[in-house]
J.: 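First the structure, which I've put down as structure tokens, then a few questions once you've had a look.
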Amino acid sequence: MAVCIAVIAKENYPLYIRSVPTQGELKFHYTVHTSLDVVEEKISGVGKALADQRELYLGLLYPTEDYKVYGYMTNSKVKFVIVVDSSNTSLRDNEIRSMFRKLHNSFTDVMCNPFYNPGDPIQSKAFDSIVSTMMVQAF
Amino acid sequence: MADEALFQFLHSEIIQYVNSAEPGESENGRCVSKLENMGFRVGQGLIERFTKDTPRFKDELDVMKFICKDFWTSVFKKQIDNLRTNHQGIYVLQDNKFHLLTQLSAGKQYLEHAPKFLAFTCGLVRGALSNLGVKSIVTAEVSVMPACKFQVMIQKM
């Protein structure tokens, strides 16, 4: 279960950011912002195996003592960032990948909505409900 | 297949509607740009859906090849017949039997109306490229119906 989920546009501003409200939201904003640097580094990695650059899933960006941050970049340069609790060690790579897949599907639906202007903050209820299913249930 | 006809009819009606909303010949430019902007937004959404599962693109040429093969096939059920480039940001896509022009007669009679039919597709290509991170200007020309050429000029930022 994720603690924070963010969607960042190609120009590096957030289109959608939602976190578990019990903890300081600002901290998550900061974490997501710094993870952008790591994403850039992974994308422009020189000398890496060609297979790495062809995948959309970027994997574990960096672990802090409390959280682990995962990244995913679409072909249209939109980035998804998921922050999970470090204590939750039962989450496997495959589960993270499937979370990103669901996010991407949902984002594609938002993009195809004719009433949505690309570049605006995402306000779709359907997208919200997909994200809710992936977030930690707030007690 | 029935779904091709649906889009062709809708497309012709859109052109008719935009045309009638602008009275007078001098407004032809506005007509074309409205259609182009419609195509732009549609292209953005389409490309998001099509590239969902494809691996990341290596460079511009890769992007253009994707447009010519997969994108064109999904939208028009055929591939681009010829892609030429001068390796300096200009690409020419040639389609010898453009889908949206096949219903117009193959002579010279409707040559002057052809640009209206190509405007939506120009916007489509421009929207697709812009969502993939490539800023461009797309123009089209018809010399012999139903063949047409789309010229893509990449804008270096």
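We use all heavy atoms of the structure for the numbers below, so side chains are in, but hydrogens, waters and symmetry mates are not. Order of the sequence lines sets the chain letters (A, B, ...), proteins ahead of strands, with each chain counted from 1.
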J.: Check each atom of B/Ile47 against the heavy atoms of chain A and say whether the ones under 4.5 Å are side chain, backbone, both or neither.
T.: neither
J.: Using non-hydrogen atoms only, which part of B/Arg49 is less than 4.5 Å away from chain A: side chain, backbone, both, or neither?
T.: both
J.: Of all of A/Met111, A/Lys10, A/Arg101, A/Lys77, which one pairs up most often with chain B through heavy atoms under 4.5 Å apart?
T.: A/Met111
J.: Give a yes or no on this: more than 12 heavy atoms of other residues, nucleotides or ligands lie within 6.0 Å of atom NZ of B/Lys78.
T.: yes
J.: Given heavy-atom pairs under 4.5 angstrom as the criterion, report whether the side chain, backbone, both or neither of A/Asn113 touches chain B.
T.: backbone
J.: Do B/Thr51 and A/Thr74 make a side-chain contact, defined as non-hydrogen atoms from C-beta onward lying under 4.5 Å apart?
T.: no
J.: Do A/Phe107 and B/Lys52 have side-chain heavy atoms sitting under 4.5 Å apart?
T.: no
J.: Above 12 or not: heavy atoms from other molecules or residues under 6.0 Å from CD of B/Gln16?
T.: no
J.: Are any of the side-chain heavy atoms of B/Gln44 and A/Ser76 separated by less than 4.5 Å?
T.: no
J.: For the residue pair B/Glu48 and A/Thr108, confirm or rule out a side-chain donor-acceptor distance under 3.5 Å.
T.: no
J.: More than 12 non-hydrogen atoms from neighbouring residues, nucleotides or ligands closer than 6.0 Å to OH on B/Tyr17, yes or no?
T.: no
J.: Can you tell me if NE2 on B/His11 sees more than 12 non-hydrogen neighbours from other groups inside 6.0 Å?
T.: yes
J.: Could you report the tightest heavy-atom contact between A/Cys112 and B/Gly45, atom names first, then the distance?
T.: SG-O, 3.6 Å
